[in-house]
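The structure appears below as structure tokens.
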Amino acid sequence: MSKAVKNYKAGEGMKVNIAGLQMKNPVITASGTFGYGEEYADYIDLNLLGGISVKGLSLAPRAGNPPPRIMETTGGMLNSVGLQNIGVDAFIEEKIPFLRKFDVAVIANIYGESYADYAAVAAKLDGVPGVHALEVNISCPNVQKGGLSFGADPRAAAEVTRRVRAKNSLPLIVKLTPNVTDITVIARAVEQAGADAVSLINTLTGMSIDLDTREPHLKSITGGLSGPAIKPVALRMVWQVARQVKIPVIGMGGIMTARDALEFMVAGASAVQVGTASFVNPRSGVEIIDGMQGYMKKNRIKKITDIVGTLKT
Amino acid sequence: MKDICLGLVTANEEIKRNYFLMKVALPDGFTDPLPGQFVMMRIAGLQDPFLSRPLSIYAFSRSQKGCMIELLYRVAGRGTGIMAGLIAGSEVEVIGPLGQSYVVDPRRENIVFIAGGIGVAPLSLLAGHLGETVCREASSMTFFLGARTAEEIVGLELLHKYCYRVIVCTDDGSMGEKGQVISVFKKEMAKFPSAETALYACGPRPMLKALAIMVGGKYMCQVSLEERMACGVGACAGCVVAIKEQAGAMAYRRVCADGPVFDLEKVIWQ
């Protein structure tokens with residue numbers, strides 16, 4: 001009766017290298033959906049994942065937004081968690097020792113409310129054993145003072161990238177917001193400012209209303225939409241960005257299955273992130289890896305990198 | 001490694017209008033739940049509703065054939081509405097048992113339960129646990145069960161088995177005493193010396209808030225809270241509640257992982 005637990009060990013052909021970040025496969029669990037790894041360690045073997053992007057870290061601990069914070073929507077969900085986190089110091093002290101027990105790429109997702117904040121968090125993570133890359137959140141739509149303004153303005157996005165680059169030598173991924181007119185402009189700006197890779201998309205700003213009370217379902221009124229509902233938008237943006245930048249693109253947005261993940265790679269992504277799917281099924285990440293390998297075998301694809309950017313138009 | 005269990009619905013009966021009792025057969029590997037714990041459940045293979053639903057565990061049994069959880073739930077929205085349509089033989093995916101359980105202090109002679117409506121579910125499991133596992137005399141346990149009308153009083157059969165006294169009350173007087181469960185408890189409060197009594201409560205937020213105002217600080221009281229959840233395992237921080245920390249500070253704690261059981265006096269009612 002129990003669901004079969006298969007041996008999901010990734011083959012050689014699944015290896016990827018994203019701007020110096022070596023991973024045994026291209027599947028990363030997305031920031032904000034996988035805690036600090038330990039929350040899911042009872043449900044899946046973290047060693048099987050390509051990478052884990054941890055919950056966004058700020059300089060000081062952050063309480064987050066008042067509840068209610070989430071609402072289910074058609075084919076997805078809205079959240080306004082507000083970047084609740086334990087702060088970068090507690091992360092290094094309390095969470096890294098646990099993550100170091102696993103053979104998995106640990107990506108520290110960071111954010112700030114000022115250029116100085118970003119630089120300070122990046123500096124604290126420089127040279128910390130067990131952290132393999134940085135992912136800079138310039139895009140979270142929940143925090144009014146932060147996220148949106150940096151990620152929606154190419155000059156601000158570039159400045160954040162430069163400040164972080166100056167303080168940290170790890171592979172630097174900049175995570176982009178879809179809540180802009182032309183995402184390729186921001187992607188090019190951070191590439192020129194020294195980003196090693198870009199990841200996209202973060203959540204799309206949305207809202208949901210309770211008709212009977214005429215109140216928003218979220219206390220913060222608006223929140224970030226994620227889940228399969230956003231996949232077509234994400235796929236389109238990954239395709240657009242991959243054609244405009246030379247650095248690797250990490251694709252995400254509504255990936256639920258191996259086929260979804262492979263579609264992102266065909267559109268030009270060198271790796272993918274699995275987010276909201278983990279809420280629905282904690283084993284999504286490893287099941288996607290397994291499914292990708294099955295697809296490769298069936299279609300005689302030797303290396304996963306061979307599929308990247310092979311969209312026929 | 002914890003399993004994501006595939007469960008088989010063996011019964012899903014509407015016991016009162018909008019109130020259902022679902023029985024789910026689970027594999028042996030399912031851990032015995034502690035009172036107050038819950039499961040995340042979804043219909044196997046279905047992506048709509050998108051998220052799993054948190055459901056209190058109402059009863060649990062283990063036999064040679066395997067184990068069985070019983071879920072007593074109210075149809076509150078779209079997710080539970082679809083769940084209500086499940087027939088025997090349907091498959092569900094179950095993660096659990098999850099969350100922190102009620103803490104039982106053996107020195108407390110009197111146990112008082114205060115439930116509003118569907119809040120009876122986790123408290124019934126606790127009463128059964130105290131009777132069967134901890135060998136509490138039924139005479140030491142008093143259960144106050146309230147709802148708006150007789151049509152919303154569920155779970156009485158088991159309570160009569162576990163507790164010596166079950167006091168039923170309804171807002172409209174259609175069953176038991178007339179009045180809200182908190183006021184009915186208030187009338188009897190003097191019978192339960194605070195130093196010897198433990199209170200356990202579950203129900204709608206306004207009821208729990210009224211209880212907090214009435215007994216706050218006077219009684220040892222634990223409550224279990226309900227909140228919309230996405231992951232159920234502490235990863236998303238979507239289901240938080242404001243909790244008083246030491247030195248008057250406030251923090252958002254996750255109902256799924258830090259709760260759903262909290263000390264009543266620590267909950268900040270907003």
Side-chain angles (χ1 to χ4, degrees), chain A residues 1-5 29 32-45 54-55 61-86 210 217-219 223 226-229 256-257 275-284 287, chain B residues 1-8 24-31 40 42 44-53 65-67 77-79 91 93-96 98 225 227-243 245 249-257 268 270:
Chain A
M1 284 286 291
S2 180
K3 278 175 98 181
V5 181
T29 53
T33 65
F34 211 69
Y36 302 103
E38 63 191 9
E39 290 85 349
Y40 279 111
D42 283 342
Y43 296 94
I44 66 169
D45 180 357
V54 302
K55 193 153 180 40
R62 196 181 162 94
N65 289 333
R69 290 177 171 183
I70 55 167
M71 183 63 201
E72 182 177 76
T73 58
T74 308
M77 62 177 283
L78 286 164
N79 89 80
S80 63
V81 170
L83 296 165
Q84 176 173 350
N85 80 101
I86 57 172
D210 182 335
H217 278 120
L218 301 179
K219 184 79 176 173
S226 64
M256 300 293 289
T257 65
T276 304
S278 295
F279 299 158
V280 174
N281 171 10
R283 281 207 283 263
S284 290
E287 287 177 7
Chain B
M1 194 95 349
K2 286 184 193 166
D3 235 352
I4 299 159
C5 296
L6 194 60
L8 187 70
V24 181
L26 290 166
D28 276 340
F30 190 81
T31 310
M40 290 297 281
R42 62 185 298 107
L46 206 65
Q47 239 187 52
D48 178 38
F50 184 63
L51 298 170
S52 303
R53 290 295 185 273
K65 281 190 248 168
C67 53
R78 204 167 155 269
E91 286 183 333
E93 286 173 21
V94 177
I95 304 177
L98 300 165
L225 302 179
E227 190 52 77
R228 289 200 291 263
M229 291 182 189
C231 71
V233 300
C236 74
C239 62
V240 297
V241 59
I243 294 290
E245 300 283 281
M250 182 277 282
Y252 289 120
R253 295 286 170 216
R254 301 159 301 180
V255 171
C256 71
I268 300 170
Q270 285 156 327

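Naming convention: chains lettered A, B, ... in sequence-line order (proteins, then strands); numbering from 1 in each chain.
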Pick from A:G75, A:S278, A:P282 with the largest number of heavy-atom pairs that fall under 4.5 Å of chain B
A:P282
Among A:P66, A:P68, A:G227, single out the residue with the greatest number of heavy-atom pairs under 4.5 Å to chain B.
A:P66
Compare every heavy atom of [Y] with every heavy atom of [X], then report the nearest pair and how far apart it is.
X: B:G238; Y: A:R69; result: O-CB, 3.6 Å
X: B:A230; Y: A:M77; result: CB-CE, 3.8 Å
X: B:Y252; Y: A:Q84; result: O-NE2, 3.2 Å
X: A:P228; Y: B:F50; result: CD-CE1, 3.3 Å

Given the options [options], which has more heavy-atom pairs under 4.5 Å with chain A than any of the others?
options: B:G66, B:G234, B:A237, B:C239; result: B:A237
options: B:M229, B:M250, B:R53, B:R78; result: B:R53
options: B:C236, B:A242, B:G29, B:A251; result: B:C236

Once you round to the nearest 0.5 Å, how far does CD1 of A:I44 lie from CD1 of B:I4?
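These two atoms lie 9.0 Å from each other.
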Got a second to check how far B:D48's CG is from A:T74's OG1, nearest 0.5 Å?
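One finds 7.5 Å between CG of B:D48 and OG1 of A:T74.
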Does any backbone or side-chain atom of [X] lie under 4.5 Å from a heavy atom of chain B? Answer side chain, backbone, both or neither.
X: A:P61; answer: neither
X: A:A41; answer: backbone
X: A:M71; answer: both

Please name all residues satisfying ring-ring contact (aromatic ring centres under 6.0 Å, His included) with A:Y40, sequence neighbours left out, ordered by chain then number.
A:F34
Listing request: all salt bridge (Lys or Arg N to Asp or Glu O under 4.0 Å) pairs with a residue in residues 227-239 of chain B, at least two apart in sequence or in separate chains.
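Residue pairs passing salt bridge (Lys or Arg N to Asp or Glu O under 4.0 Å), neighbours aside: B:R205-B:E227.
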Side-chain contact test, heavy atoms from C-beta onward, threshold under 4.5 Å: evaluate it for B:S52 versus A:F279 and give yes or no.
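Of all side-chain heavy-atom pairs linking A:F279 with B:S52, none is under 4.5 Å.
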